[in-house]
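The structure appears right after this line, and notes come after that.
Order of the sequence lines sets the chain letters (A, B, ...), proteins ahead of strands, with each chain counted from 1.
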Amino acid sequence: MKIIQQQITEDNRQFIMSTTKRPVGKSSTSIASKIRKKLDSSDVHSDSKTIKITPKRNEEQSIKLSNDPNTSKVKQIKETTSATKAFDYTFYNRPCEDLAKALLGKKLVRLSDKGERLCGTIVETEAYLGHPDKGAHSYKGKTNKNEAMFMDPGTAYVYHIHSYCCMNISSKGDGAAVLLRALEPVENIPSMIKLRQKRTPGKPFKSHELCNGPSKLCLSLDVTKDQINKDDMTKSTKIWIEDGDEIKPDRIVHCKRVNINYAEEWIDKPLRYYIQGNKCVSKLDKEAEKQCNMYIM
DNA sequence: GAGACGATTCGG
DNA sequence: CGAATCGTCTCT
């Protein structure tokens, strides 16, 4: 058993050293969960050979203060975490429809277990408003499953659908959240292809096919309910939003949301938004684009 | 513990 | 356009 550690206290180091000799029959996963309990401020990931500990933001601060900022280790941590670039609470704390539009052009960054940035530009979103929006999971109120929708703006809400995941970000408003429907892949595209190929081995993927759907983007960026649901994206070291391209309002198509046939009078509300002409959008709405073009002229 | 269902995806 | 496939909810 090998331990990779970036920053832990002397007390915790002692605890970890005592667990490095793995008893026969004890899995690395159970040891990882023991460490996770002890280090409640750290993210602990394990496989059969290693345990990896990623510092959370408060620990990054202490690293910065206690180390020479020019050392390569500190530099590396700075580059791979959200410390400087992640949007804060004020970005997310706005009405759902505003956040859905504001997210277009911004970058979604997922720092993988290997410390690699999986990143794409958001090109399509949907707003789900909470009660009385009959399309929203939160329409009937808070449950175990949808609790993240009621948490602070900037909280990730990840749910399962037909054995896939979809990802939302909570906005201002009770039970309101924005569904991320499509990304244009930007960084480490070969790694995203590998992640997609876990499901469909051997299939070749063009870049624009990787994240052109709400579950496809979760597969490509390794967004799972286990890892990401209820994560605070203003503080998370696993997932956050960074600034990206400026999108002019007249390039945003407003149209009906997808696959909410049960939502009655809410079916036709124009709560889906996408960047006109972007190749990664999951479904085009030609009628809505006509309206959009007329408006421009 | 069975049965139904879904803000999806893939292949034919 | 139908099947896959699985976590969650509901009812027994």
Checklist entry - Hey, would you say the A:His254 and A:Tyr273 ring centroids sit under 6.0 Å apart? => result yes

Checklist entry - Only one of A:Arg257, A:Lys279, A:Arg272 clears salt bridge (Lys or Arg N to Asp or Glu O under 4.0 Å) with A:Glu124; which? => result A:Arg272

Checklist outcome for this item: Under a 4.0 Å heavy-atom cutoff, the residues of residues 139-147 of chain A touching DNA chain C are A:Lys145

Checklist entry - Would you call A:Lys290 and A:Glu287 a salt bridge, taking side-chain N to carboxylate O under 4.0 Å as the test? => result yes

Item to check | Full working for ring pair (Phe, Tyr, Trp, His ring centres under 6.0 Å) between A:Tyr159 and A:Tyr157 | outcome: CA-CA 7 Å; A:Tyr159 66 89; A:Tyr157 165 50; 5.5 Å; yes

Item to check | Side-chain donor or acceptor of A:Asp285 paired with backbone N/O of A:Ala288 under 3.5 Å | outcome: yes

Next on the checklist: Can you tell me if A:Lys256 has over 12 outside heavy atoms packed within less than 6.0 Å of its NZ?
Outcome noted: no

Checklist entry - In which stems does DNA chain C show up, taking only runs of three or more Watson-Crick or G-U wobble pairs whose two distances fall under 3.5 Å? => result B:1-6 with C:6-11, B:8-11 with C:1-4

Item to check | Note: A:Lys106-A:Glu246 ion pair, threshold 4.0 Å (strictly below) | outcome: no

Checklist outcome for this item: Each nucleotide of nucleotides 1-12 of chain B classed B (base within 4.0 Å of a protein heavy atom), S (only sugar-phosphate) or -, in 5' to 3' order, makes -----BBBSSS-

Item to check | Heavy-atom pair with the smallest gap, counting every atom of A:Leu183 and A:Cys280 | outcome: O-CB, 3.4 Å

Checklist entry - Mind checking whether A:His131 and A:Tyr139 have parallel, tilted or perpendicular rings, split at 30° and 60°? => result parallel

Item to check | Expected output: side-chain A:Asp88 to main-chain A:Thr90 donor-acceptor under 3.5 Å | outcome: yes

